[in-house]
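Step one of this worksheet: look at the structure below.
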Amino acid sequence: MEAVEVTPVRKATWSRPARYRRLYPRQLLSGLSLLGADLLILGGLTLLLQGWGAEALGSVYPTFALATWVTAGLMLLGISLLGCYSTVVMHPAAELRRLTIVTGLVYALPVGSLLIATPLNAAHAALLGGSWLAAVVVVPMGHLFARLLLARTEWWGVPVLVLATGGAGELAVHTMRRWPELGLRPVGVLSDHHPEGEMLGGVPVVGRIEDAPQAGLRLGVRHAIVALSGQSHREVLELLERYSRYFRQLFVLPENPGMIAFWSTARSFEGLLGYGVQHSYWNLRARMLKRAMDIVGASILLLLLSPLFAVVALLIKLDSSRPVFYRQMRMGRGGRCFPLLKFRTMYQDADRRLQELLREHPDLREEYELFHKLRNDPRVTRVGRYLRRFSIDELPQLWNVLRGDLSLVGPRAYMPEERHEMDGMDRIILQKRPGVTGLWQVSGRNGLTFEDRVRMDVHYIHNWTPWLDLYILARTVPVVLTGEGAC
């Protein structure tokens, strides 16, 4: 399933039912938990900065210490004014961008004031500049990780109803359940095409679409999503007019979700709702920034992970002899093939074993044709299963990043024989450098079909920003640590 954009339509009056009064503390808790996380982050950062400056700043230190606490308070106010403590429909990539800008501006005030008002030497200036840089990194990324962590709790998010017209609805449910950090938690589906009581993507059908007002009051839900399927423009307008008055906020999922993703930019021109496609990939400065992030990030990770590399190499040798590394030809930018470096996780005669498996087991052949992978692959060694589960086998690709074959984040690196199955999308995907991680890796990984991966790669390219890369990198961490979606 694929992520789709939600476009807010309108707000309407709302009389709070008794059930909603019981649900409200849960929604309030989501915002308060984020506030608590930010208090810890800002408090810890403030104490850290004060520790750095205690000896270095001398007589200037009291002014600096007071400025750090005032700045922390201003940051909390700024984050609140940005709406970041609301859990409803703010994509974390957009939130990360806003927080980074606000943090840079707020922390520049005390630092700049001290630099201007007080005679400081070069060491003092370096300390203040380092404090500003630490804040710009720690505050936004800390807030993002807090949101990702809290989104996994049962009480997170705002309950919503899904009004599924036609055969739609399941995609909307899967999308919200896959990206819980967006803050939308589906609690019921209203559909004219599914019987009441049936489970749709793990969420129960609670009635027909015409029952929306009663269902909203009964369940205490004041947010709803309309998943369109085959409606004319007039029918859509009538549907929105009929039900928007019963919900505080109504969202619309466009009918063709294959062309729209969560991070698409909503647009409104004289009442015409649509979505924008950002071609930041063609911006020279953006591309230079992306390459710089790749080089710095890959260099740091290779240095930090070098002890792990040695341990993994030893385990592979003890388990199945040599070689330690496996090279596979993949397509890079422009269709140029390059050897992708990985830790070996399969037996050396894996290709022969695969052909025998596919020939003798039609069910495995069908699975391989759909996913281009086998969930329980008998070719994988004992050590290889653990390496794959936590994506440790892909760490040597950091060397490919330094060589310029890969980027830290990007579309999947496809094999040459897969090109004919990409339905013409190779013309888009192969224009860009593939990535070690990417959108499909944090959206279900091996649980997605090959077609889903191709569409997500196209979405990533059309809507790339540096903030989306940072978000994907941050979301990769819990996915890897939990082994989510791994074979």
Side-chain angles (χ1 to χ4, degrees), residues 28-87 90-150 181 285 289 292-293 296-297 300 304 465-471 473-474 477:
L28 183 63
L29 185 60
S30 297
L32 289 178
S33 60
L34 269 180
L35 174 61
D38 283 341
L39 283 171
L40 291 176
I41 294 167
L42 289 167
L45 177 63
T46 300
L47 294 176
L48 176 64
L49 296 181
Q50 291 179 359
W52 287 354
E55 296 182 3
L57 292 177
S59 62
V60 185
Y61 173 73
T63 304
F64 177 73
L66 177 62
T68 55
W69 286 117
V70 172
T71 302
L74 290 175
M75 270 305 306
L76 285 175
L77 178 61
I79 296 173
S80 178
L81 293 176
L82 285 176
C84 294
Y85 295 131
S86 170
T87 56
M90 179 183 292
H91 193 276
E95 183 179 56
L96 184 63
R97 175 178 176 271
R98 295 184 185 184
L99 283 176
T100 302
I101 294 173
V102 170
T103 304
L105 292 175
V106 172
Y107 272 87
L109 294 176
V111 170
S113 299
L114 284 174
L115 288 175
I116 295 172
T118 309
L120 301 175
N121 57 34
H124 294 166
L127 174 64
L128 294 177
S131 300
W132 177 86
L133 183 60
V136 169
V137 173
V138 171
V139 175
M141 294 303 293
H143 182 93
L144 174 58
F145 275 112
R147 179 180 278 270
L148 291 173
L149 181 64
L150 292 168
E181 59 266 31
R285 286 180 299 177
L289 174 62
M293 290 171 56
V296 174
I300 294 174
L304 295 177
T465 67
W467 311 106
L468 179 58
D469 273 4
L470 289 174
Y471 169 60
L473 285 172
V477 174

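In this chain, residues are counted from 1 in sequence order. Remember, predicted model here, so these are calculated numbers, not experimental data.
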Nearest 0.5 Å, please: how far is CG in Leu66 from OG1 in Thr71? 9.0 Å

Measuring from atom CG of Leu470 to atom OG1 of Thr100, what distance do you get when rounded to the nearest 0.5 angstrom? 7.5 Å

Please round to the nearest 0.5 Å and tell me the distance separating atom OH of Tyr107 and atom CG of Leu45. 4.5 Å

Could you go through residues 33-44 and list every donor-acceptor pair under 3.5 Å that involves a side-chain atom there, pairing it with any protein atom two or more places apart or in another chain?
| from | atom 1 | to | atom 2 | distance (Å) |
| --- | --- | --- | --- | --- |
| Ser33 | OG | Leu29 | O | 3.1 |
| Ser33 | OG | Ser30 | O | 2.6 |
| Asp38 | OD1 | His143 | ND1 | 3.0 |
| Asp38 | OD2 | Tyr85 | OH | 2.8 |
| Asp38 | OD2 | His143 | ND1 | 2.9 |

Excluding sequence neighbours, so at least two apart, what forms side chain to side chain donor-acceptor pair (under 3.5 Å) with Thr68? Gln50

Table please: side-chain donor-acceptor pairs of residues 131-141 below 3.5 Å, with sequence neighbours left out.
| from | atom 1 | to | atom 2 | distance (Å) |
| --- | --- | --- | --- | --- |
| Ser131 | OG | Leu127 | O | 2.8 |
| Trp132 | NE1 | Gly104 | O | 2.9 |

Once rounded to the nearest 0.5 Å, what's the spacing between atom OG1 of Thr465 and atom CZ of Arg97? 8.5 Å

Heavy-atom nearest pair, Tyr471 first then Leu96, reads N-CD2, 4.2 Å

Closest approach of Arg147 to Glu181 (non-hydrogen atoms, all atoms of both residues): NH1-O, 2.7 Å

Could you grab the distance from atom CG of Leu47 to atom CH2 of Trp69, nearest 0.5 Å is fine? 4.5 Å

Going from OG1 on Thr103 to CE on Met75, what distance comes out if it is rounded to the nearest 0.5 angstrom? 3.5 Å

